[in-house]
Amino acid sequence: MTNALTFFEPTRTAGLERLRNFAPDAGRHYGERRNYLGTAKNPGAVSALSPYLRTGLVSQSEVLRTVLDQHSAKDADRYIAEVLWRSYWQGWLALRPSVWDAYQADLKRLHNAVQTQSGLRQRWENACLGQTGIAPFDAWANELAHSGYLHNHARMWFASIWVHTLELPWQLGADFFLRHLLDGCPASNTLGWKWVAGIQTIGKPYLATQENIEKFTEGRFAKVPGLATQAAPIPAPPHPDRMPLWNTGQPDPALHSGLILHEDNLNPTHVLDAAGPIAGHVTVMATADQTPWQMAPHVQAFRGQAAQNMQNLLADRIGPAGPAVTSALALKQWAQDHGFAQLVTADAPVGPTKALFDAYDRLPDAPPLVRMRAPLDADAWPLATAGFFKFRKHIPALLARLS
Ligand SMILES: Cc1cc2nc3c(=O)[nH]c(=O)nc-3n(C[C@H](O)[C@H](O)[C@H](O)COP(=O)(O)OP(=O)(O)OC[C@H]3O[C@@H](n4cnc5c(N)ncnc54)[C@H](O)[C@@H]3O)c2cc1C
């Protein structure tokens with residue numbers, strides 16, 4: 001096991017404490033210093049809240065409210081915008097879910113290619129093990145594998161070197177991140193990698209430069225020879241047309257109900273407030289389905305312990321625990337064994353949890369599954385119709401609705 005869980009304790013208390021400590025710096029200080037490199041141990045000017053946001057141990061709304069209690073929206077505009085990038089990417093993917101399906105299909109193909117093409121396998125292994133000879137890249141590969149976290153700028157540089165200098169497929173890099181990041185998020189990760197590759201904002205790849213790395217690592221990596229100075233165009237299909245968001249619902253509080261906690265939201269207060277008494281609960285753990293390789297043990301440990309922590313904190317509201325569930329069939333079996341008339345849960349964004357819920361909905365005779373979208377997601381996702389610049393104009397209205 002790595003030391004990721006010593007940097008990120010998987011409890012809501014630890015997440016709230018991190019938020020409390022960070023909030024005074026969420027104003028101009030963050031805006032001025034956020035691009036300077038931090039690490040899991042010393043995040044520097046950034047909050048390192050992402051593992052807590054990813055699992056719902058701390059919600060985006062809680063973070064935004066806490067920051068706005070201490071700063072004006074103008075002073076904290078940079079931090080607020082970053083927190084809402086998460087909603088933007090999730091909304092963008094929710095409106096175009098086939099982008100995730102295409103990435104998953106590409107991964108299966110590349111998994112096969114890595115098994116059968118020794119040249120590709122060697123280059124991919126060298127990159128994942130931090131043995132390329134490019135000093136900062138190798139350091140970040142090791143840092144990610146050991147801490148489960150990378151600063152945003154390191155993610156951008158790493159992805160750029162992976163795609164444009166090492167000329168490895170972006171999908172393999174996205175998978176390496178998703179297997180090791182404690183905050184690994186299908187939307188932010190897939191679309192972040194596509195953005196670096198120049199196929200998200202089409203024709204605008206991100207190129208890491210020696211000068212930029214030297215400046216923002218404050219000289220730690222002063223010489224980085226050999227970086228690509230041009231990005232070869234990467235073939236990719238055009239963005240698919242937008243789809244309507246999938247239906248969510250409202251639980252019937254009079255029905256005998258089971259609750260589902262899951263890795264995308266372990267603290268579904270909006271569901272608990274709307275549903276009647278909960279007679280029992282399970283935790284759905286589906287992220288192993290998102291990769292043909294193994295998830296890093298620290299990611300599974302973080303999420304498992306985070307789930308346990310929230311089960312303890314919510315114990316008097318969610319009834320007895322059932323088994324951890326990893327398939328739609330097992331979920332149906334649990335629901336039927338307990339005679340539930342409905343299952344209730346927080347809506348999950350595009351990714352493996354949603355895929356499991358969609359599979360459950362297709363099973364005959366399964367009790368209905370009611371997914372409730374968190375209020376911020378319900379407000380923000382439909383707005384991700386075009387680029388972030390357009391989305392950003394809605395931020396004042398989104399913040400007004402928070403209160
Ligand atoms: C190639 C690549 C892959 C990425 N993969 C992920 C991922 O799997 N999961 C993930 O949460 N973020 C991802 N990001 C976005 C960003 O790097 C992280 O959210 C951020 O580094 C988390 O650290 P922090 O909490 O200290 O961020 P802070 O700067 O303190 O920001 C606060 C919060 O805002 C959100 N946020 C900040 N920047 C972004 C951004 N660019 N996009 C989306 N949300 C953002 C995060 O929830 C973050 O916790 C990726 C970025 C790139 C370039």
Side-chain angles (χ1 to χ4, degrees), residues 7-8 15 18-19 21-23 25-27 29-64 66-67 76 78-93 100 103 140 143-144 147-164 170-201 205-206 208 263-264 287 290-291 295-296 299 349 351 376 380 384 388 391-392:
F7 300 132
F8 297 99
R18 195 174 277 257
L19 172 59
N21 291 336
F22 168 76
D25 292 328
H29 178 73
Y30 176 84
E32 285 157 14
R33 295 288 304 173
R34 63 178 286 275
N35 279 329
Y36 288 89
L37 197 71
T39 62
K41 194 173 176 191
N42 294 308
V46 297
S47 66
L49 274 167
S50 51
Y52 301 95
L53 289 167
R54 168 64 180 84
T55 46
L57 283 180
V58 179
S59 73
Q60 280 167 275
S61 300
E62 285 178 304
V63 170
L64 292 170
T66 305
V67 166
R78 200 61 213 256
Y79 188 71
I80 291 167
E82 293 305 327
V83 172
L84 289 171
W85 262 102
R86 180 169 197 271
S87 306
Y88 168 73
W89 282 140
Q90 288 193 344
W92 196 95
L93 196 59
W100 173 252
Y103 159 73
W140 295 321
E143 188 182 329
L144 173 59
S147 73
Y149 175 84
L150 279 184
H151 181 275
N152 181 59
H153 225 157
R155 295 183 201 207
M156 290 163 62
W157 292 320
F158 185 95
S160 177
I161 295 170
W162 181 290
V163 175
H164 302 304
W170 70 267
Q171 297 93 329
L172 289 179
D175 175 75
F176 176 61
F177 266 25
L178 219 42
R179 284 185 291 121
H180 290 91
L181 281 169
L182 294 178
D183 64 33
C185 158
S188 298
N189 191 59
T190 312
L191 304 178
W193 275 85
K194 290 188 78 170
W195 177 80
V196 169
I199 53 177
Q200 182 62 23
T201 308
Y206 174 75
E263 289 157 275
D264 295 272
T287 43
Q290 71 193 351
T291 173
M295 291 293 288
V299 177
L376 178 62
F388 186 75
F391 176 89
R392 194 175 186 150

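Values in this document were obtained by computation on a predicted structure and should not be read as measured data. Remember, it's 1-based here, ligands and their atoms both numbered in the order they're listed.
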Protein residue, atom and distance nearest to [atom], heavy-atom basis:
{"atom": "atom 7 (C) of ligand 1", "value": "Asp183 OD1, 3.4 Å"}
{"atom": "atom 40 (C) of ligand 1", "value": "Trp85 CB, 4.0 Å"}
{"atom": "atom 23 (O) of ligand 1", "value": "Tyr149 OH, 3.3 Å"}
{"atom": "atom 36 (N) of ligand 1", "value": "Glu82 O, 3.1 Å"}
{"atom": "atom 46 (C) of ligand 1", "value": "Leu53 CD1, 4.3 Å"}
{"atom": "atom 8 (O) of ligand 1", "value": "Cys185 N, 2.9 Å"}

Mind checking side chain to side chain contact (heavy atoms under 4.5 Å, CB included) for Thr291 and listing every partner two or more places apart, or none if nothing turns up?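 Per chain and number, Thr291 pairs via side chain to side chain contact (heavy atoms under 4.5 Å, CB included) with Asp175, Arg179, Trp293, Met295.
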Heavy-atom donor-acceptor pair, [X] side chain to [Y] backbone, under 3.5 Å:
{"X": "Gln290", "Y": "Gly351", "value": "no"}
{"X": "His164", "Y": "Ser160", "value": "no"}
{"X": "His153", "Y": "Leu37", "value": "no"}
{"X": "His151", "Y": "Tyr36", "value": "yes"}

Which class fits the ring pair [X] and [Y]: parallel under 30°, tilted 30 to 60°, perpendicular over 60°?
{"X": "Trp85", "Y": "Tyr88", "value": "perpendicular"}
{"X": "Phe176", "Y": "Phe158", "value": "parallel"}
{"X": "Trp193", "Y": "Trp162", "value": "perpendicular"}

Rounded to the nearest 0.5 Å, how far apart are CZ of Arg155 and CG of Leu144? 8.0 Å
For ligand 1, is any non-hydrogen atom under 4.0 Å from [X]'s backbone (N, CA, C, O), its side chain (CB onward), both, or neither?
{"X": "Asn189", "result": "both"}
{"X": "Asn152", "result": "both"}
{"X": "Phe158", "result": "neither"}

Taking both backbone and side-chain atoms of [X], is any N or O found less than 3.5 Å from an N or O belonging to ligand 1?
{"X": "Leu49", "answer": "yes"}
{"X": "Ser47", "answer": "yes"}
{"X": "Leu181", "answer": "no"}
{"X": "Arg34", "answer": "no"}

Minimum non-hydrogen distance to [atom], winning option of [options]:
{"atom": "atom 22 (C) of ligand 1", "options": "Ser160, Ala26, Ser50, Ala45", "answer": "Ser50"}
{"atom": "atom 29 (O) of ligand 1", "options": "Tyr30, Phe22, Tyr79, Trp195", "answer": "Tyr30"}
{"atom": "atom 50 (C) of ligand 1", "options": "Lys194, His180, Arg155", "answer": "Arg155"}
{"atom": "atom 44 (N) of ligand 1", "options": "Arg86, His153, His151", "answer": "Arg86"}

Can you list the atoms of ligand 1 that are under 4.0 Å from a heavy atom of [X]?
{"X": "Trp193", "answer": "1 (C)"}
{"X": "Gly184", "answer": "8 (O)"}
{"X": "Ala48", "answer": "24 (P), 25 (O), 26 (O), 30 (O)"}

If you define the side chain from C-beta out and look only at heavy atoms, does anything of Lys194 sit under 4.5 Å from Tyr103? no
Sub-4.5 Å side-chain heavy-atom contact between Tyr30 and Phe22: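 SC-SC contact between Tyr30 and Phe22 confirmed.
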Taking a cutoff of less than 4.0 Å between a non-hydrogen atom of the residue and any ligand atom, is Met156 in contact with ligand 1?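 Under 4.0 Å: yes for Met156.
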Does ligand 1 have any atom that is closer than 4.0 Å to a heavy atom of Tyr88?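 False for this residue.
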Per the ring pair (Phe, Tyr, Trp, His ring centres under 6.0 Å) rule, which among Phe7, Phe177, Phe8 passes with Tyr149?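 Going through the options one by one, the only one that passes is Phe8.
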Quick one about Gln60 and Ser87 (side-chain donor to acceptor, distance below 3.5 Å, no hydrogens or angles considered), yes or no? yes
Electrostatic pair Asp183-Arg86, nearest N-O below 4.0 angstrom: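 Judged by the 4.0 Å cut-off on N to carboxylate O distance, Asp183 and Arg86 do not form a salt bridge.
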For atom 19 (O) of ligand 1, is some protein heavy-atom partner under 4.0 Å away?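 No; the ligand atom in question lacks any protein heavy-atom contact below 4.0 Å.
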